[in-house]
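Convention: sequence-line order gives letters A, B, ...; per-chain numbering from 1. None of these values were measured; they are calculated from a predicted model.
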2 protein chains.
Amino acid sequence: MRLTTKGRYAVTAMTDLALHQHDNGGRPVSLSDIAERQSIPAAYLGRLFASLRSHGLVESWRGPGGGYRLARSAGDISIADMIEAVDERTDNTRCRGQVNCQDNHKCLTHVLWSDLSQRIQDVLSDICLSDVVSDAQVREVAERQDAMAKNRGGAATVQWRRPC
Amino acid sequence: MRLTTKGRYAVTAMTDLALHQHDNGGRPVSLSDIAERQSIPAAYLGRLFASLRSHGLVESWRGPGGGYRLARSAGDISIADMIEAVDERTDNTRCRGQVNCQDNHKCLTHVLWSDLSQRIQDVLSDICLSDVVSDAQVREVAERQDAMAKNRGGAATVQWRRPC
DNA sequence: GGATTTGTTGACCAAAATAGTAAGGTATAG
DNA sequence: CTATACCTTACTATTTTGGTCAACAAATCC
């Protein structure tokens with residue numbers, strides 16, 4: 001599990017999604033809105049959302065008025081879930097999961113690292129999206145971002161469609 | 001703080017050093033011995049040790065019989081210390097420590113990430129080299145590695161010299 | 001003093017991963 | 001039919017990583 005820009009984008013975008021999920025009567029939140037609010041390249045973010053979707057973290061709707069919504073409750077999505085979804089595991093141990101990496105036994109690195117990465121995984125699994133969303137600092141930034149956003153269009157009509 | 005091969009090498013090599021510090025009457029442990037035992041390219045490891053040294057984690061002696069020893073007690077060197085020493089911080093937030101990364105304020109990513117990386121830092125700061133060395137699995141691998149090593153030369157004479 | 005050993009430093013390099021772009025395709029609303 | 005918005009693939013540029021090499025400096029041994 002590595003902390004990289006890709007994972008950061010994913011967490012940021014998911015946080016934005018969680019924060020705006022109930023705007024406009026709960027209609028899906030569009031990619032371009034998220035990208036603009038969070039200053040993330042839209043085309044790049046689109047690919048990240050494809051991963052988030054294939055990992056079952058979000059649902060998507062196509063066509064006008066389409067966009068994304070969380071597929072599970074925010075309390076049920078951990079930071080680890082989001083990072084894992086976009087950060088396709090490029091094996092961390094160089095041992096390719098094998099146990100006979102040196103002299104037909106485990107190498108020292110192997111022993112050290114599996115424990116260490118598990119601990120980090122645990123930390124990230126222990127924080128969920130709802131924790132993030134309810135954080136005071138996060139709310140403060142979000143409110144400023146909303147204030148910044150142009151008021152585009154009036155209240156939308158509530159609609160329900162089946163996700164893709 | 002990122003978990004990469006470089007940091008893994010550092011932790012592995014430091015662990016090896018700690019384990020063999022009292023061999024041969026406490027004379028410095030040579031780079032080539034560590035590299036061979038842990039299957040790490042010697043030239044590469046040499047550069048990592050240069051970083052470890054400049055960060056005050058090891059002391060070095062040149063010339064025949066030279067090598068490295070821990071500069072502090074193993075209980076006083078954390079995993080975070082070792083990784084930080086070799087993994088020259090390539091700023092994790094893209095905001096370059098600035099606080100006005102979006103709209104003249106903190107961006108959401110900034111808020112999220114500084115907290116998250118702090119938590120990981122805490123985990124890695126909480127484990128020290130002596131914890132690693134006393135781990136049962138680690139000792140087991142180390143003993144096998146020692147058994148593997150050729151018996152080169154008899155007991156060396158004890159010597160004391162000032163580090164570089 | 002000279003050869004040898006061992007760490008130190010800098011320049012350099014190749015391969016991989018990352019971050020990002022572009023373009024064509026599919027589904028849906030109106 | 002057209003505009004919207006997600007979906008997918010292919011491509012590219014840049015950065016980082018992991019690694020090598022050679023020259024150099026210090027210490028020891030003879």
Side-chain angles (χ1 to χ4, degrees), chain A residues 2-10 12-13 17 27-36 39-54 58-69 83 86-92 94 109 152-153 156-157 159-164, chain B residues 2-10 12-13 17 27-36 39-54 58-69 83 86-92 94 109 152-153 156-157 159-164:
Chain A
R2 326 191 349 185
L3 299 190
T4 170
T5 299
K6 208 185 290 186
R8 240 165 38 224
Y9 280 170
T12 304
L17 176 52
R27 69 161 41 179
V29 183
S30 85
L31 190 62
S32 53
D33 284 355
I34 300 177
E36 191 191 355
S39 308
I40 299 173
Y44 192 45
L45 189 57
R47 298 206 337 217
L48 300 188
F49 264 106
S51 298
L52 293 168
R53 175 172 174 268
S54 74
V58 299
E59 288 175 326
S60 68
W61 283 263
R62 301 214 242 199
Y68 299 92
R69 298 184 58 190
I83 293 180
V86 297
D87 228 54
E88 58 273 0
R89 168 90 70 262
T90 140
D91 183 24
N92 218 3
R94 213 67 145 189
T109 299
R152 71 178 142 257
T157 54
Q159 285 180 296
W160 194 88
R161 287 188 280 154
R162 311 197 57 177
C164 297
Chain B
R2 328 188 344 183
L3 298 190
T4 170
T5 300
K6 205 184 293 186
R8 244 168 31 228
Y9 280 170
T12 304
L17 177 52
R27 70 162 41 183
V29 183
S30 85
L31 189 63
S32 54
D33 283 355
I34 300 176
E36 192 191 354
S39 307
I40 300 174
Y44 192 46
L45 190 56
R47 299 212 333 223
L48 300 189
F49 264 109
S51 298
L52 293 169
R53 175 171 173 270
S54 73
V58 299
E59 287 174 328
S60 68
W61 283 264
R62 303 214 240 201
Y68 299 91
R69 298 184 60 193
I83 293 179
V86 297
D87 230 54
E88 58 273 0
R89 169 86 73 259
T90 139
D91 182 24
N92 219 3
R94 216 60 147 194
T109 300
R152 71 175 144 260
T157 54
Q159 286 178 297
W160 194 87
R161 288 188 280 155
R162 312 197 56 178
C164 297

Kindly write out the residues that satisfy side-chain contact (heavy atoms from CB on, under 4.5 Å) with S30(A), not counting sequence neighbours, or none if the list is empty. S32(A), D33(A)
Whole-Å distance between dG19(D) C1' and K6(B) NZ? 11 Å
Between CZ of R69(A) and P of dA5(D) the distance, given in whole Å, is 17 Å
Nearest to the side chain of Y44(A), heavy atoms from C-beta on, is which of dT9(C), dT21(C), dC7(D)? dT21(C)
In short, K6(B) meets L48(B) closest at the heavy-atom pair CG-CD2, 3.5 Å
Is there a side-chain contact between T4(B) and I83(B) (heavy atoms, below 4.5 Å)? no
Can you tell me whether the side chain of R47(B) and the base of dG19(D) have a donor-acceptor pair closer than 3.5 Å? yes
Atom-pair distance (CD1 on I34(A); P on dA5(D)), nearest Å: 13 Å
dG19(D) OP1/OP2 closer than 4.0 Å to side-chain N/O of Y9(B): yes
Can you confirm whether the side chains of T109(B) and R8(A) place a donor and an acceptor under 3.5 Å from each other? no
Rounding to a whole Å, what distance do you find between E59(A):CD and dA5(D):C1'? 17 Å
Distance check needed: dT28(D) C1' versus R27(B) CZ, whole Å only. 11 Å
With a 4.5 Å cut-off on side-chain heavy atoms, are V29(B) and R69(B) touching? no
Got a sec, which residues hit side-chain contact (heavy atoms from CB on, under 4.5 Å) with A35(A), two or more places apart in sequence or on another chain? A42(A), L45(A)
Could you tell me whether the phosphate oxygens of dT17(D), OP1 or OP2, come under 4.0 Å of any side-chain nitrogen or oxygen in T5(B)? no
Separation of R8(B) atom CZ from dG18(D) atom C1', in whole Å? 11 Å
Nearest-nucleotide pick for A43(A), side chain only, options being dT21(C), dG18(D), dT8(C): dT21(C)
Protein-nucleic acid N or O pairs under 3.5 Å, nucleotides 2-6 of chain C:
from	atom 1	to	atom 2	distance (Å)
dT6(C)	O4'	G63(B)	O	3.3
dT6(C)	O2	G63(B)	N	3.4

Find the distance I40(A):CD1 to dG20(C):C1' and express it as a whole number of Å. 13 Å
Reckon S60(B) has a side-chain N or O less than 4.0 Å from the OP1 or OP2 of dT8(C)? yes
Between F49(B) and Y68(B), what is the ring plane arrangement, given parallel below 30°, perpendicular above 60°, and tilted in between? parallel
Rounded to the nearest Å, what distance is computed from the CZ atom of residue F49(B) to the P atom of nucleotide dT8(C)? 10 Å
